[in-house]
Amino acid sequence: MFVPCDRAAGPDLRGFTLLVPAVSVGNVGQLAIDLVISTLEMTKIGYFYTDCLVPMVGNNPYATAEENSTELSINAEVYALPSRKLVVLQIRSPFVKNKYRAFSEALLAWVLSSKCARVILLSSSHAYQRDDEQLLGTPLRYLLTPALEESVAGLMQGLKWKEMEKVAVYPGVNDTEKVLNIPGGGITKLLFTECCSKGIQMAVLLKFCSEGDNIPDAFALVNYLNEWLQLIKCESNNSTATSSQWKIPSSWRLLFGSGLPPALF
């Protein structure tokens, strides 16, 4: 359930694009969302109250000064940039066991009630579980629901993006029967299939990756998103140059912990 910061005047999200991360391998979607919120200096407009996520509270992950560093953040918060008709749900904790479907239903109910124009899910999948076809070319893939395909399929082809391939149900035995498989993708497949059945306009952007230092994967995914939405202006086609334009949030200083205490040495 969405709870606005200002209950007297909840935000009008009609026609907005909603960005959501999947809690997936390497937390790549969540890291990419961090870059979007920090770079665009999005304003927190509310919270997504749910018992489907592990409870969590911490300091402001996007603090820019001592004055706002003590603001508290929880496990699911909503940020918006009305000038770009963009709203973002950031998720900061894992799902409670067997709560995937309940969260999916709550999220899509909010999407429908708020009349968001479309949903873009940022996700990732295990690189080591790719089949032969998925090993070719870029590690980035996309999926579109039928409701969104008519309006943006041509754009995706113009960008020369690769659609997520389906894989054989019984490899080597029956290669004709294929299904969508996103290992390590968390809620990705469930949300996508639910949006297909409900007629919701949704796109999935994902990257094949492995656990470890996933900051480069996050930059690759957010640059991929930027090719479509043009959230920041690209001064060149060089991915390194584009990545340097994203603002790294202050919380990333502790991404791998606070280091070893000097007293140990």
Side-chain angles (χ1 to χ4, degrees), residues 17-33 91 95 100-101 103-104 107-108 118-212 214-229 237 239 242-243:
T17 293
L18 171 64
L19 296 184
V20 183
V23 182
S24 51
V25 55
N27 301 313
V28 176
Q30 294 154 291
L31 293 172
I33 290 289
I91 300 173
F95 285 93
Y100 282 93
R101 186 165 296 278
F103 179 83
S104 173
L107 175 61
L108 296 184
R118 60 189 176 186
V119 182
I120 301 176
L121 183 69
L122 302 184
S123 184
S124 52
S125 183
H126 284 302
Y128 74 89
Q129 288 191 250
R130 289 174 290 177
D131 67 4
D132 291 346
E133 189 178 5
Q134 292 171 338
L135 287 168
L136 300 174
T138 175
L140 295 158
R141 294 292 190 275
Y142 78 93
L143 285 166
L144 301 174
T145 61
L148 183 59
E149 194 165 11
E150 289 184 10
S151 59
V152 302
L155 174 62
M156 303 308 183
Q157 292 172 3
L159 292 171
K160 297 182 180 179
W161 283 10
K162 293 190 69 173
E163 188 172 3
M164 183 68 171
E165 302 89 345
K166 292 185 177 181
V167 299
V169 179
Y170 305 106
V173 178
N174 180 3
D175 292 332
T176 58
E177 186 180 351
K178 295 190 174 184
V179 295
L180 180 64
N181 187 36
I182 309 177
I187 201 171
T188 304
K189 183 178 177 180
L190 173 61
L191 263 180
F192 180 73
T193 54
E194 286 294 306
C195 285
C196 286
S197 65
K198 295 179 185 294
I200 295 174
Q201 295 191 31
M202 181 187 193
V204 175
L205 307 188
L206 67 82
K207 186 178 187 299
F208 294 116
C209 66
S210 302
E211 293 280 4
N214 295 104
I215 290 177
D217 298 308
F219 277 112
L221 187 60
V222 79
N223 286 337
Y224 190 52
L225 172 70
N226 195 60
E227 287 182 39
W228 177 13
L229 297 189
N237 292 327
S239 60
T242 304
S243 295

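All residue numbers in this chain count up from 1 along the given sequence.
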*Asks:* Taking the side chain as every heavy atom from C-beta outward, state whether Lys198 and Thr145 have any pair of such atoms under 4.5 Å apart.
*Replies:* no
*Asks:* Test Tyr142 against Lys162 for side chain to side chain contact (heavy atoms under 4.5 Å, CB included), laying out the working first.
*Replies:* CA-CA 7 Å; Tyr142 78 93; Lys162 293 190 69 173; 5.6 Å; no
*Asks:* Would you say Gln30's side chain and Ile91's backbone share a donor-acceptor pair under 3.5 angstrom?
*Replies:* yes
*Asks:* Side chains of Leu122 and Val28: does their closest heavy-atom pair fall under 4.5 Å?
*Replies:* no
*Asks:* Would a 4.5 Å heavy-atom cut-off, applied to side chains only, mark Tyr128 and Val25 as touching?
*Replies:* no
*Asks:* Roughly how far, to the nearest 0.5 Å, is CG of Asn181 from CE of Met164?
*Replies:* 7.0 Å
*Asks:* Can you check whether Ile187 reaches Ser104 side chain to side chain, under 4.5 Å on heavy atoms?
*Replies:* yes
*Asks:* Please test Leu143 against Leu180 for side chain to side chain contact (heavy atoms under 4.5 Å, CB included), starting from the C-alpha separation and ending with a verdict.
*Replies:* CA-CA 10 Å; Leu143 285 166; Leu180 180 64; 3.9 Å; yes
*Asks:* For the side chain of Ser210 and the backbone of Ala127, is there at least one donor-acceptor N/O pair under 3.5 Å apart?
*Replies:* no
*Asks:* Which is it for Leu205 and Ile120 under the side chain to side chain contact (heavy atoms under 4.5 Å, CB included) test, yes or no, and what are the steps along the way?
*Replies:* CA-CA 7 Å; Leu205 307 188; Ile120 301 176; 4.1 Å; yes
*Asks:* Over all heavy atoms of both residues, which pair between Ala22 and Gly185 is shortest? Give the atoms and the distance, please.
*Replies:* CB-O, 3.9 Å
*Asks:* Mind running side chain to side chain contact (heavy atoms under 4.5 Å, CB included) on Leu108 and Leu191 for me, showing each step along the way?
*Replies:* CA-CA 8 Å; Leu108 296 184; Leu191 263 180; 4.0 Å; yes
*Asks:* If we only count heavy atoms from C-beta on, is the Thr138 to Tyr224 side-chain gap below 4.5 Å?
*Replies:* no
*Asks:* Look at Arg101 together with Glu194 and state whether they make a salt bridge at an N to O cut-off of under 4.0 Å.
*Replies:* yes
*Asks:* Do you know which two heavy atoms are closest between Leu121 and Pro21, and how far apart they sit?
*Replies:* CD1-C, 3.9 Å
*Asks:* Can you see which heavy atom on Gly184 is nearest to which on Ser24, and at what distance?
*Replies:* O-CB, 3.2 Å
*Asks:* To check you understand the geometry: which heavy-atom pair defines the closest contact between Ala218 and Leu31, and what is its length?
*Replies:* CB-CB, 3.5 Å
*Asks:* So which atom in Cys195 and which in Met202 form the shortest heavy-atom distance, rounded to 0.1 Å?
*Replies:* SG-SD, 3.2 Å
*Asks:* Is Phe208 close to His126 at the side-chain level, that is, under 4.5 Å between some pair of heavy atoms?
*Replies:* no
*Asks:* Answer whether the closest heavy-atom distance between the side chains of Trp228 and Trp161 falls below 4.5 Å.
*Replies:* yes
*Asks:* Looking at CG of Asp217 and CG of Leu140, how far apart are the two atoms once the value is rounded to the nearest 0.5 Å?
*Replies:* 9.0 Å
*Asks:* Please report the interatomic distance CG(Leu18) to CG(Leu107), rounded to the nearest 0.5 Å.
*Replies:* 6.5 Å
*Asks:* Give me each pair satisfying salt bridge (charged side-chain N to carboxylate O under 4.0 Å, His left out) with a member in residues 124-135, each pair once, sequence neighbours excluded.
*Replies:* none
*Asks:* Could you check if a side-chain atom of Asn214 sits within less than 4.5 angstrom of a side-chain atom of Cys209, using non-hydrogen atoms only?
*Replies:* yes
*Asks:* For a quick test of reading the model, state the closest non-hydrogen atom pair linking Ser123 to Thr188 and the distance between them.
*Replies:* OG-OG1, 2.6 Å
*Asks:* Which donor-acceptor pairs under 3.5 Å do side chains of residues 148-157 form with protein atoms, sequence neighbours excluded?
*Replies:*
residue	atom	partner	partner atom	Å
Ser151	OG	Leu148	O	3.0

*Asks:* Short question: side chain of Asn226, backbone of Val222 - any donor-acceptor pair under 3.5 Å?
*Replies:* no
